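Notes to accompany the following structure.
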Amino acid sequence: MARRGAFVVVEGLDRSGKTTQTDILRQRIQEAGKEVACVKFPDRSTPIGKMIDLYLRSQSDLDDHVVHLLFSANRWELASTILSHLEQGKLVLCDRYAFSGIAFSVAKILPSQPSLSTTIHSEQSFGKLSPINLTWARAPDSALPSPDLTLFLDVSPEVAYTRGGYGEERYEKADMQSRVRSVFEEIGREVSADAGEGKHGNGKWIVIDAGREMHTVTEEIWRHVQPLLDGVESSVGRLW
Ligand code: DGP
Ligand code: NA
Ligand code: NA
């Protein structure tokens, strides 16, 4: 079987340097003589992406469930494009993916001092509508192409603060960011546990300490991506 391209996702907190590092990584892959296709979520250019953009800029208010489904739909809009790049042997480099979808939606229901594992798996409802738990949040992204490798750029809220604080958008607030970070940690544990048991892939999950000097972070990222430059033999997995 011909080798296909590898699917690499970069996830991270706001102010983690995700955009800069993704850009450096793209250049390095090209300098290594390999073809790379870049995808970024949310893709604000599509009709659904435009709705997401309005929401993120607080120009519209939407129910949390609706927002969650829009972000997922935005990924489905590009799923076949991602697959065809992979089949053509290109490495797909994706800035955020379904893990962000879960992390941001589930973070909304967490108390500021989370007792995480009980809360995010809870089926209990305390309003008219059920809050978004992990099971519900996972469902719409089920069967999307799964990454071979996810690099999670981790940064503490304190370091993010010293980098000039957060921006103006809806989720860019310190307490939300630390809750998002907790959910990402839980997701990472689950993905790693699955990989450890040899279960079908949600791929490999690597935590990168993005609080360090930029060059150090770049080198560590490269160490993980380099083995994937010549593609992979196995067929593309599906999420969850
Ligand atoms: P970015 O362009 O990477 O800064 O992302 C814009 C914002 O949208 C950022 O605060 C993270 C958030 N976000 C990204 N993907 C999702 C998602 O799937 N669901 C939710 N609720 N938020 C997301
Ligand atoms: Na952002
Ligand atoms: Na998204």
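Numbering of ligands and ligand atoms starts at 1, following listing order. Given the structure is predicted, the values throughout are model-derived calculations rather than measurements.
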Tell me, please: is [X] in heavy-atom contact with ligand 1, that is, under 4.0 Å?
| X | result |
| --- | --- |
| H68 | no |
| K18 | yes |
| E172 | no |

- Should the pair R15 and Y166 be classed as cation-pi, given the thresholds of under 6.0 Å to the six-membered ring centre and 45° from the axis? no
- Item | Among Y97, F41, Y171, closest by any non-hydrogen atom to atom 12 (C) of ligand 1 | Y171
Short list, please: which atoms of ligand 1 are under 4.0 Å from a heavy atom of [X]?
| X | answer |
| --- | --- |
| R44 | 2 (O), 6 (C) |
| K40 | 1 (P), 2 (O), 3 (O) |
| P42 | 5 (O), 14 (C) |

- Item | D14 and ligand 1 - part of the residue with a heavy-atom distance under 4.0 Å |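 Just the side chain.
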- Message: For L56, which part has a heavy atom under 4.0 Å from ligand 1: side chain, backbone, both, or neither?
- Response: side chain
Should [X] be counted as touching ligand 1, given the test is an N or O pair under 3.5 Å?
| X | value |
| --- | --- |
| R96 | yes |
| K108 | no |
| D95 | no |

- Task: Can you see which heavy atom on V183 is nearest to which on A103, and at what distance?
- Result: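 Answer, listing the atom of V183 first, then A103: CG1-CA, 3.8 Å.
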- Item | Between F184 and F99, ring centroids under 6.0 Å | no
- Item | Check: F71 ring centroid to F41 ring centroid under 6.0 Å |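 Not close enough - the centres of the two rings lie 6.0 Å or further apart.
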- Decide if atom CE of M51 counts as having more than 12 heavy atoms of other residues, nucleotides or ligands within a radius under 6.0 Å. no
- Is it the case that more than 12 heavy atoms not belonging to Q27 sit under 6.0 Å from its CD atom?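 Correct, the count exceeds 12.
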- Could you state the interatomic distance from OG (S45) to NZ (K40), rounded to the nearest 0.5 Å? 11.5 Å
- Stepwise salt bridge (charged side-chain N to carboxylate O under 4.0 Å, His left out) check, E169 with R44: CA-CA 14 Å; E169 289 200 332; R44 303 189 195 213; 3.0 Å; yes
